[in-house]
Amino acid sequence: MDFDDSPNEATFRAEVRAWLAAHAEPRRHPRDFVGDGLPPAERLAAARAWQAKKAAAGYAAITWPREFGGRDGSVVEQLIYLEEEQHWRSTFGYFEIGVGMCLPTLMVHGSDAHRSRHLRPGLDGEEIWCQLFSEPAAGSDLAGVLTRARRDGDAWIVDGQKTWTTGAQFSDFGLLLVRTDPTLPKHAGLTMLFVDMKSPGIEVRPIRQMAGESEFNEVFFSGVRVPDAQRLGAVGAGWKVALTTLMNERLTVGTETGLAGADALLRAAHALGHLGDDSVVEQLADAWIVDEGLRLHRCRTLTALARGAQPGPEQSIGKLLKASLSQRVARLALDLRGVEGLVAEADATSPWAALQRTWSWSAAMRIAGGTDQILRNVIAERVLGLPEEIRLDKGLPFNEVPR
């Protein structure tokens with residue numbers, strides 16, 4: 001396992017640091033992003049400007065081919081950039097899903113016309129994409145989606161509902177998983193489309209979160225007409241296309257930098273004079289052990305990637321542990337303040353405000369990209385080789401599965 005950058009990686013890291021120092025502002029707290037404090041329209045404009053600047057420099061999608069605006073870089077280089085960018089104000093919540101999940105799926109499964117029309121505008125920040133997968137009755141069991149699409153000549157008529165759709169309220173396009181044949185087993189009757197979010201019949205309702213934000217949405221489809229030309233992959237091959245998106249999602253979610261570790265708890269305990277408390281020291285030691293295990297796991301992953309391997313199911317370990325650790329550390333740090341920890345901080349630059357945001361955000365991270373329960377199943381079955389969970393609906397036509 002390699003703990004240090006190779007000479008080429010060190011050169012690239014120095015290049016990235018120099019570019020960020022010349023073009024970005026230092027981050028004041030873990031969730032300090034471009035446009036913070038501005039009205040929504042101005043924040044979006046600032047985010048588009050930063051995205052365009054990154055794209056022009058070749059940092060917006062390092063692993064993409066040069067012909068599509070990337071730099072033919074490695075996954076390790078992409079991770080190096082993300083590691084360095086976390087110290088500077090960047091965007092979050094606008095382009096990560098499009099550039100990290102939707103457009104890579106279109107690149108693999110779309111036509112030349114799709115790639116020519118959509119890749120560059122999405123990369124440059126001109127267009128924003130969302131991922132229309134989860135539903136009220138199909139989140140962890142994604143193959144159970146109920147949103148229907150029936151063929152009507154050269155188009156599909158879509159009816160149904162999606163939920164927890166990040167950024168739908170300002171998205172231009174969405175990657176849409178629909179059921180086109182309910183008489184087939186659930187994985188076989190799916191088809192992937194992409195939809196213009198301004199199409200007649202689409203209604204977006206923001207969901208207010210406990211932190212006061214509305215990053216997620218419900219999206220309703222009522223007789224929405226989607227041209228068959230906006231289909232990705234074959235009819236009935238939607239699950240295969242969705243797996244491409246999900247693999248990219250795990251990598252994107254796993255690089256989220258707004259999460260807390262042992263260092264955040266240490267700073268809080270030091271500031272409040274609790275470093276002499278045995279219980280606090282014990283909790284600090286436990287958090288440090290998990291942090292160190294995650295660091296070593298990351299080093300092993302980077303070593304494998306540098307040697308040409310592809311990310312496997314073991315990546316679920318890092319996401320599972322980091323999200324739960326972040327939530328626990330933020331809660332413990334706020335508990336050390338006593339009743340003051342219950343009061344929302346008015347100063348957005350305060351480290352306590354950052355911990356409050358981290359605590360509420362970590363709850364979402366234990367769901368996004370696979371719930372804790374799903375990740376434990378993945379680790380058990382595909383990493384540890386334990387027997388598969390019993391699936392009573394396996395092989396049954398979808399319309400015969402009891403609900």
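For this chain, numbers begin at 1 and follow the sequence in order.
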For residues Leu123 and Ala55, report the shortest heavy-atom separation together with the two atoms involved. O-CB, 3.7 Å
Is the ring pair Phe194/Trp129 parallel, tilted or perpendicular, if the boundaries are 30 and 60 degrees? tilted
Salt bridge Asp159-Arg150, side-chain N to carboxylate O under 4.0 Å: no
When rounded to the nearest 0.5 angstrom, what distance separates CD in Gln283 from OG in Ser279? 5.5 Å
When rounded to the nearest 0.5 angstrom, what distance separates CG in Leu119 from CD in Glu67? 9.0 Å
Determine whether the aromatic ring centres of His23 and Trp50 lie less than 6.0 Å apart. no
Residues Arg27 and Gln86: side-chain donor-acceptor under 3.5 angstrom: no
Go through it in stages, so that I can follow the logic: the residues are Glu42 and Arg48, the test is salt bridge (charged side-chain N to carboxylate O under 4.0 Å, His left out), and I'd like the CA-CA distance, side-chain angles, deciding distance and then a yes or no. CA-CA 10 Å; Glu42 294 180 34; Arg48 289 187 192 275; over 6 Å; no
Thr163 vs Val219, side-chain contact (heavy atoms from CB on, under 4.5 Å): CA-CA, chis, key distance, verdict: CA-CA 6 Å; Thr163 193; Val219 184; over 6 Å; no
Does the pair Glu127/Arg117 count as a salt bridge with the N-to-O cut at 4.0 Å? yes
Under a 3.5 Å threshold, yes or no: a donor from one side chain and an acceptor from the other, between Glu218 and Thr165? no
Does the distance from a Lys or Arg side-chain N to an Asp or Glu carboxylate O, for Lys54 and Glu85, drop under 4.0 Å? yes
Lys/Arg cation over aromatic Phe33: Arg89, 6.0 Å, 45° cone: no
Using the test side-chain hydrogen bond (donor to acceptor under 3.5 Å, both in side chains), find all partners of Asn8 that sit at least two apart in sequence or belong to another chain. none
Strictly by modelled atom types, are Asp228 and Trp156 linked by a side-chain donor-acceptor pair under 3.5 Å? yes
Counting neighbours of CZ on Arg151 that are heavy atoms of other residues, nucleotides or ligands and sit closer than 6.0 Å, is the number greater than 12? yes
More than 12 heavy atoms from other groups under 6.0 Å of CH2 on Trp164: no
Less than 4.0 Å between a side-chain N and a carboxylate O, is that true for Arg357 and Glu215? no
Between Glu15 and Arg71 (salt bridge meaning N to carboxylate O under 4.0 Å), is one present in this structure? yes
With a 4.0 Å cut-off, would you call Asp141 and Lys186 a salt bridge? yes
Is it true that atom CZ of Arg115 has more than 12 heavy atoms of other residues, nucleotides or ligands lying nearer than 6.0 Å? yes
For the residue pair Thr245 / Thr105, report whether a side-chain donor-acceptor contact shorter than 3.5 Å exists. yes
Phe68 ring centre to Arg120 NZ or CZ under 6.0 Å, with the angle to the axis within 45°? no
Checking Lys162 side chain against Phe133 main chain: does a donor-acceptor pair fall under 3.5 Å? yes
Thinking salt bridges, do Asp291 and Arg295 make one under a 4.0 Å N-O criterion? no
Which residues satisfy the side-chain contact (heavy atoms from CB on, under 4.5 Å) test with Ala47, sequence neighbours excluded? Thr91, Tyr94, Phe95
